[in-house]
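Labels below follow one simple rule: chain letters A, B, ... track the order of the sequence lines, proteins then strands, and each chain is numbered from 1.
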Protein chains: 2
Amino acid sequence: MADINIIELAKDLNLSKSTVSRAFRNNSGINKETKERILARARELNFTPNHHASNLRIQKSNTIAVIVPEIANNFFSKAINGIEQVAKKNGYSVLICLTDDEFEKEVSFVQNLSNGKVDGIIMSVSGEEQDHSYLKMLQKKNIPLVFFDRVYEDIETAKVTTNDYESSFLATEHLLQQGCKRIAYLVVNKNLSIGKTRMQGYLDALDKYGIETDDNLVVDCSNELTQNISILSDTFSKLRPDGVFASVERLAIATYYTCMELNISIPEQVKVIGFSGLEIAPLLNPALSTIIQPAYNMGLEAADVLFKILADDETKADFATRKVVLNSELIQRKSSAVGTM
Amino acid sequence: MADINIIELAKDLNLSKSTVSRAFRNNSGINKETKERILARARELNFTPNHHASNLRIQKSNTIAVIVPEIANNFFSKAINGIEQVAKKNGYSVLICLTDDEFEKEVSFVQNLSNGKVDGIIMSVSGEEQDHSYLKMLQKKNIPLVFFDRVYEDIETAKVTTNDYESSFLATEHLLQQGCKRIAYLVVNKNLSIGKTRMQGYLDALDKYGIETDDNLVVDCSNELTQNISILSDTFSKLRPDGVFASVERLAIATYYTCMELNISIPEQVKVIGFSGLEIAPLLNPALSTIIQPAYNMGLEAADVLFKILADDETKADFATRKVVLNSELIQRKSSAVGTM
DNA sequence: TTGTAAGCGTTATCAG
DNA sequence: CTGATAACGCTTACAA
């Protein structure tokens with residue numbers, strides 16, 4: 001109940017509330033000394049203007065939302081880190097929304113956020129095969145949207161992605177050059193555009209090297225480790241691939257666990273490469289060859305684009321449909337090496 | 001500009017805004033049919049009540065903040081995951097604040113949040129040696145605070161921690177039982193209570209086994225990998241420890257990198273154990289012995305306590321100073337094994 | 001430079 | 001069950 005508002009502070013200082021209000025804004029014409037006096041007293045009384053009142057008044061929340069499938073994940077936590085850094089610099093707060101990869105939650109978050117709670121949204125999507133018209137609402141309400149990594153192709157908005165096709169092509173080509181003939185492609189959801197794009201790189205590389213595609217070698221996995229191990233055990237025993245290309249980090253890990261269980265030696269019996277940002281890839285047994293996405297920088301870029309749109313100057317329209325493509329980096333390590341190193 | 005408010009919606013429906021408002025609350029006495037009619041029309045027009053207006057009115061934000069040193073980190077990202085799950089279930093949003101381990105940012109976040117922006121705060125602290133009186137403000141403004149993992153001992157509030165002393169004691173004892181005589185304790189900041197507590201477990205275990213303490217074996221590291229490698233290289237060449245107990249994950253990783261560089265073999269020349277929640281600890285070369293903190297569950301617990309306090313019933317006071325201690329789990333793997341496995 | 005007053009879009013109280 | 005009206009705490013023309 002020790003709550004104090006601008007009126008009481010004004011009374012305390014024998015000023016009007018408008019003058020006090022001005023002290024908290026930079027632009028307004030106000031006497032330097034009165035301003036000092038006000039701020040000093042405010043500090044004493046622990047007063048700062050109520051967020052909701054001023055947000056209501058100025059129709060702005062100074063908050064952005066990040067909607068992602070998960071957070072306990074190398075890639076997303078780094079991306080969020082990047083986003084938060086930019087937000088902090090701009091005086092914005094960051095709301096975290098985890099969809100758990102469920103489209104319904106994504107929709108419900110967006111709906112819940114569209115009433116002024118946030119000024120903009122950065123999202124990595126979870127419902128490619130669904131109806132995306134619910135996003136129209138954001139446009140109507142003038143809430144800018146930036147996609148990163150996982151995007152909806154049919155929605156025309158700002159997007160920050162990586163060169164997935166090229167990376168996948170190169171990764172597959174790398175395995176081929178190391179002598180692999182039967183390369184398995186592991187994917188979590190074939191229908192996600194990101195899975196498709198990466199798969200296309202894989203397919204085209206095979207094609208370039210004149211390798212026949214075996215549909216069974218495209219393995220649909222899940223997000224659950226034990227389940228993946230069982231799926232992969234099956235694949236390994238039935239199809240005996242000599243190479244594995246994991247389209248996401250957790251599938252590379254599942255591959256390692258499976259090989260450990262089945263006593264399959266990497267890279268002698270099967271060579272492995274995967275998308276992954278693990279700092280400890282070199283410490284794995286054996287060191288894992290990786291394609292590293294610049295997760296942190298993607299966050300930075302996505303946030304940068306969003307704030308450019310929010311800045312609302314002439315360039316705004318330009319950024320509203322901006323496409324940024326960052327490059328991933330392929331690093332060869334022992335898991336895809338020839339012979340015994 | 002397609003923005004619609006409750007008044008226009010009311011006009012559209014030939015009703016008063018109070019009736020329309022009631023349709024969006026559950027409790028209020030309102031005719032079922034009119035309510036349906038209102039909600040239907042609202043859906044058509046994409047209307048839901050403005051957040052700031054209602055927050056201002058009801059003096060509540062339905063938002064909590066999580067203040068942590070970093071997010072691109074196994075432990076914190078899992079904890080946040082837990083927190084978000086609980087928040088979502090309670091209809092709350094989660095604001096993420098990253099202090100980058102800087103006390104000033106922590107203070108500035110708390111100050112910024114204390115004006116109604118959030119209803120409660122969950123925090124893992126970054127300024128043990130600083131003045132914590134700034135937190136008094138939260139009490140005055142009736143914003144509940146729950147600490148987790150890293151806490152301020154001098155602040156009486158709800159706390160969720162793990163049994164750090166016991167875990168450290170057991171980890172050190174484990175190394176001793178494996179035959180180590182010169183065990184290094186790696187810590188990022190000796191002054192943090194969490195570092196102190198863990199160190200005490202280490203010291204007491206040494207004592208129990210009649211091992212003289214060598215102050216040089218308590219190694220103060222940083223958060224930066226390359227820096228840590230150089231610090232550890234120094235330690236290894238000068239002090240030749242036969243055991244390493246890493247008080248946080250990144251120091252276990254730094255130890256591995258250092259040993260790799262110096263060609264020191266784990267566990268033959270030095271046995272290693274560390275706090276870590278890495279799913280891939282078994283896949284490292286060699287598999288890393290770990291003490292696993294229940295990060296996700298800590299998040300769950302911390303959020304549970306916070307919402308119990310926010311529920312504001314008789315038990316509130318009880319939870320406001322609740323102490324929850326969860327157990328970590330020690331898992332022995334090859335990095336601390338005897339002989340060559 | 002400061003003060004007055006009109007809103008921002010809700011919700012809650014009180015009549016009807 | 002519904003409607004009028006007064007807050008909630010702040011910002012911003014406009015006036016002084």
Side-chain angles (χ1 to χ4, degrees), chain A residues 1-39 41-42 45-63 112-119 141-142, chain B residues 1-39 41-42 45-63 112-119 141-142:
Chain A
M1 208 31 268
D3 250 16
I4 186 178
N5 62 24
I6 204 172
I7 298 189
E8 298 179 45
L9 179 57
K11 268 184 197 142
D12 179 284
L13 288 158
N14 262 69
L15 288 168
S16 78
K17 59 175 179 170
S18 25
T19 308
V20 175
S21 174
R22 278 188 267 261
F24 290 95
R25 245 133 292 318
N26 319 322
N27 45 345
S28 357
I30 181 177
N31 185 304
K32 254 235 150 95
E33 283 167 27
T34 36
K35 178 170 179 176
E36 289 308 324
R37 197 161 64 92
I38 294 170
L39 292 180
R41 187 71 182 128
L45 300 175
N46 277 325
F47 172 83
T48 51
N50 177 287
H51 270 286
H52 302 305
S54 56
N55 288 346
L56 172 60
R57 186 56 235 250
I58 68 183
Q59 304 281 55
K60 199 161 163 297
S61 66
N62 290 307
T63 304
N112 188 247
L113 294 171
S114 61
N115 311 103
K117 187 145 197 175
V118 299
D119 297 340
K141 306 225 172 180
N142 254 305
Chain B
M1 210 27 274
D3 251 15
I4 186 178
N5 61 24
I6 204 171
I7 298 189
E8 297 179 45
L9 179 57
K11 269 186 198 143
D12 180 282
L13 289 157
N14 263 70
L15 289 166
S16 77
K17 60 175 178 170
S18 11
T19 308
V20 174
S21 175
R22 278 188 267 262
F24 289 95
R25 246 136 290 339
N26 317 321
N27 46 343
S28 357
I30 181 175
N31 185 304
K32 236 192 171 140
E33 283 168 28
T34 37
K35 178 170 179 177
E36 289 307 326
R37 198 160 65 91
I38 293 169
L39 292 179
R41 186 73 181 127
L45 300 175
N46 277 325
F47 171 83
T48 51
N50 177 288
H51 271 285
H52 301 305
S54 61
N55 288 345
L56 172 60
R57 189 55 238 250
I58 67 182
Q59 304 280 56
K60 197 160 164 298
S61 67
N62 290 307
T63 304
N112 188 245
L113 294 171
S114 62
N115 312 104
K117 186 145 197 176
V118 299
D119 298 339
K141 307 224 172 182
N142 253 305

Asks: So if I take every side-chain heavy atom of Pro49(A) and compare against dG3(D), dC10(D), dC1(D), which nucleotide ends up nearest?
Replies: dC10(D)
Asks: Check every atom of dC10(D), dG9(C), dA4(D) against the side chain of Ser16(B) and return the nucleotide holding the closest atom.
Replies: dA4(D)
Asks: Starting the side chain at C-beta, find the nucleotide from dG9(C), dT2(D), dA5(C) nearest to Thr19(B).
Replies: dT2(D)
Asks: Heavy atoms under 4.0 Å, any strand shown: does Phe47(B) hit a base, just sugar-phosphate, or nothing?
Replies: sugar-phosphate
Asks: If you compare every side-chain N and O of Asn5(B) against the phosphate oxygens of dG9(C) (OP1, OP2), does one of them come in below 4.0 Å?
Replies: yes
Asks: Taking only side-chain nitrogens and oxygens of Thr34(A), does any of them come within less than 4.0 Å of OP1 or OP2 of dT2(C)?
Replies: yes
Asks: Under 4.0 Å, heavy atoms only, any strand: does Leu56(B) hit a base, just the sugar-phosphate, or nothing?
Replies: base
Asks: Starting from the 5' end of DNA chain D, give me the residue, Asn14(B) or Gln59(B), whose nearest nucleotide shows up first.
Replies: Asn14(B)
Asks: For the pair His51(A) (side chain) and Asn112(B) (backbone), establish whether a donor and an acceptor sit closer than 3.5 Å, ignoring hydrogens and angles.
Replies: yes
Asks: If each of Lys17(A) and Val20(A) is mapped to the nucleotide of DNA chain C with the nearest heavy atom, which maps nearer the 5' terminus, i.e. the 5' end?
Replies: Val20(A)
Asks: Measure from the side-chain heavy atoms of Leu15(A) and tell me the nearest of dT2(D), dG3(C), dC10(D).
Replies: dG3(C)
Asks: Which comes earlier along DNA chain D counting from the 5' end, the contact point of Asn31(B) or that of Ile6(A), where each point is its nearest nucleotide?
Replies: Asn31(B)
Asks: Kindly indicate whether the side chain of Arg57(B) and the base of dG9(D) share any N or O donor-acceptor pair separated by less than 3.5 Å?
Replies: no
Asks: Among Asn50(A), Thr63(A), Asn62(A), Asn55(A), which one satisfies side-chain hydrogen bond (donor to acceptor under 3.5 Å, both in side chains) with Lys117(B)?
Replies: Thr63(A)
Asks: Is Ser18(A) touching bases, backbone alone, or none of the nucleic acid, heavy atoms closer than 4.0 Å?
Replies: base
Asks: Mind listing the closest non-hydrogen atom pair of Phe47(A) and Ile6(A) along with its distance?
Replies: CE1-N, 3.7 Å
Asks: How about Ser61(A) and Asp119(A): does a side-chain donor come under 3.5 Å of a side-chain acceptor?
Replies: yes
Asks: If every non-hydrogen atom of Ser16(A) is compared with every non-hydrogen atom of Ala10(A), which pair is closest and at what distance?
Replies: C-CB, 3.7 Å
Asks: Would you mind telling me which of dG9(D), dT10(C), dT13(C) lies closest to the side-chain atoms of Asn50(A)?
Replies: dG9(D)
Asks: Over how many whole Å does the gap from Arg25(A) atom CZ to dG9(D) atom C1' extend?
Replies: 12 Å
